[in-house]
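Read through the structure below, which is laid out as structure tokens, and then see the notes.
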Amino acid sequence: RYIAHLLAALDVARIRERRFRVAMDFCNGTGAPVASRLLEALGCTLIPLNEEPGSQFAQPPAPSPANMRQLATLMRYVDAHVGAALNIDGDRVGFVTAAGQPLSEEYTFPMVAGYLLSRQPGPVVTNLSTSRMIDAVAQAYDQPVIRTMIGEGFVVDKALAEHAIVGGEGSGGVAILPAATTFDGFLVLGTVLEAMAATGATLQELSDRLP
């Protein structure tokens with residue numbers, strides 16, 4: 001049911017046309033089985049890294065550039081369109097370009113928000129410690145940014161109250177409303193793939209649009 005819910009929120013046909021190759025570092029968390037089924041349904045090829053669940057993680061699980069070094073190295077030797085580092089419980093995700101350049105986890109939220117705002121207007125909610133990249137993105141679409149105290153619960157509660165289309169933090173956690181009312185790294189990954197498919201842009205080009 002969860003996979004079907006994700007697919008219903010995405011432009012599956014458009015993503016399948018691109019046949020993306022996605023390298024993913026699961027940090028020995030729980031995400032590999034879900035990601036494998038989702039990417040298969042999206043017509044993508046998964047190149048897994050640290051996919052075996054365990055109590056010993058390959059590196060600290062936050063999807064920061066420092067923790068994506070192994071994935072960045074892999075990206076330089078495999079033919080993949082996107083590298084994605086998923087947090088151990090699947091709620092946050094960071095990205096690595098096809099050339100092996102890890103992006104700060106601060107990029108995840110504004111990249112997703114920019115694509116969503118290009119399709120639908122609406123408020124954006126974030127916390128008080130997130131980069132002002134999101135302000136620049138929202139301003140480009142003449143939409144407000146509402147800030148809350150730090151924490152997923154504060155962000156999501158405010159996003160629901162303000163009828164926002166997206167809420168997120170600089171941690172790589174994003175809630176895409178109304179499809180998700182929590183941070184969901186799988187839906188965020190699918191949305192980034194959809195943005196690449198819809199715009200014809202590479203991940204590097206999407207990130208280069210941010211100040």
Side-chain angles (χ1 to χ4, degrees), residues 1-7 9-10 15 19-109 111-112 129-130 150-153 155-156 168-176 179-194 196 203-204 207:
R1 290 195 300 271
Y2 176 60
I3 297 293
H5 179 73
L6 293 176
L7 296 175
L10 298 168
I15 297 171
R19 306 191 69 80
F20 289 117
R21 290 171 56 84
V22 182
M24 288 194 71
D25 186 352
F26 299 100
C27 195
N28 306 111
T30 60
V34 175
S36 177
R37 292 176 61 186
L38 174 62
L39 290 173
E40 181 181 9
L42 293 173
C44 301
T45 299
L46 171 64
I47 304 168
L49 179 65
N50 301 315
E51 73 272 26
E52 292 296 328
S55 59
Q56 299 297 316
F57 304 136
Q59 65 270 330
S64 65
N67 296 336
M68 292 192 286
R69 291 171 181 164
Q70 191 178 8
L71 177 61
T73 299
L74 176 66
M75 289 293 290
R76 299 186 190 107
Y77 292 96
V78 298
D79 179 22
H81 298 90
V82 177
L86 191 69
N87 193 33
I88 53 174
D89 52 357
D91 65 341
R92 295 183 285 151
V93 62
F95 291 96
V96 177
T97 69
Q101 177 63 44
L103 303 176
S104 166
E105 63 271 42
E106 290 279 359
Y107 278 76
T108 300
F109 179 35
M111 279 199 302
V112 169
S129 71
T130 291
I150 297 168
E152 179 180 356
V155 171
V156 171
E169 297 183 330
S171 63
V174 182
I176 299 172
T181 54
T182 186
F183 291 172
D184 188 325
F186 301 102
L187 183 55
V188 169
L189 171 62
T191 302
V192 168
L193 294 175
E194 182 181 318
M196 293 171 62
L203 182 67
Q204 183 70 65
S207 68

* Structure fact -> By side chain to side chain contact (heavy atoms under 4.5 Å, CB included), A4 pairs with (sequence neighbours left out) none
* Which residue pairs satisfy the ring pair (Phe, Tyr, Trp, His ring centres under 6.0 Å) criterion with at least one member in residues 28-51, sequence neighbours excluded? -> none
* Mind checking side chain to side chain contact (heavy atoms under 4.5 Å, CB included) for T45 and listing every partner two or more places apart, or none if nothing turns up? => R21
* Output every pair passing side chain to side chain donor-acceptor pair (under 3.5 Å) with a member in residues 81-98, not counting sequence neighbours, ordered by first then second residue. => N87-D89, N87-D91
* **Residue list, salt bridge (Lys or Arg N to Asp or Glu O under 4.0 Å) with E106, at least two apart or on another chain** => none
* To do: Any side chain to side chain donor-acceptor pair (under 3.5 Å) involving residues 26-37? Give me the pairs, sequence neighbours left out, ordered by first then second residue.
  => none
* Partners of Q101 by side-chain hydrogen bond (donor to acceptor under 3.5 Å, both in side chains), sequence neighbours excluded? -> none
Scan the side chains in residues 179-191 for donor-acceptor partners under 3.5 Å anywhere in the protein, sequence neighbours excluded, and list what turns up.
residue	atom	partner	partner atom	Å
T182	OG1	E152	OE2	2.6
D184	OD1	Y2	OH	2.9
D184	OD1	F186	N	3.0
D184	OD1	L187	N	3.0
D184	OD2	Y2	OH	2.7
T191	OG1	L187	O	2.8

* **Non-neighbouring partners of P48 that pass side chain to side chain contact (heavy atoms under 4.5 Å, CB included), sequence neighbours left out** => F26, L46, E51
* **Pairs touching residues 37-68 that satisfy ring pair (Phe, Tyr, Trp, His ring centres under 6.0 Å), sequence neighbours left out** => none
* Are T130 and I150 close enough that some pair of their side-chain heavy atoms sits under 4.5 Å apart? -> no
* To do: For E169, enumerate each residue passing the side-chain hydrogen bond (donor to acceptor under 3.5 Å, both in side chains) test, keeping only those at least two apart in sequence or located in another chain.
  => N127
* Asked: Got a sec, which residues hit side-chain hydrogen bond (donor to acceptor under 3.5 Å, both in side chains) with Q70, two or more places apart in sequence or on another chain?
  -> N50
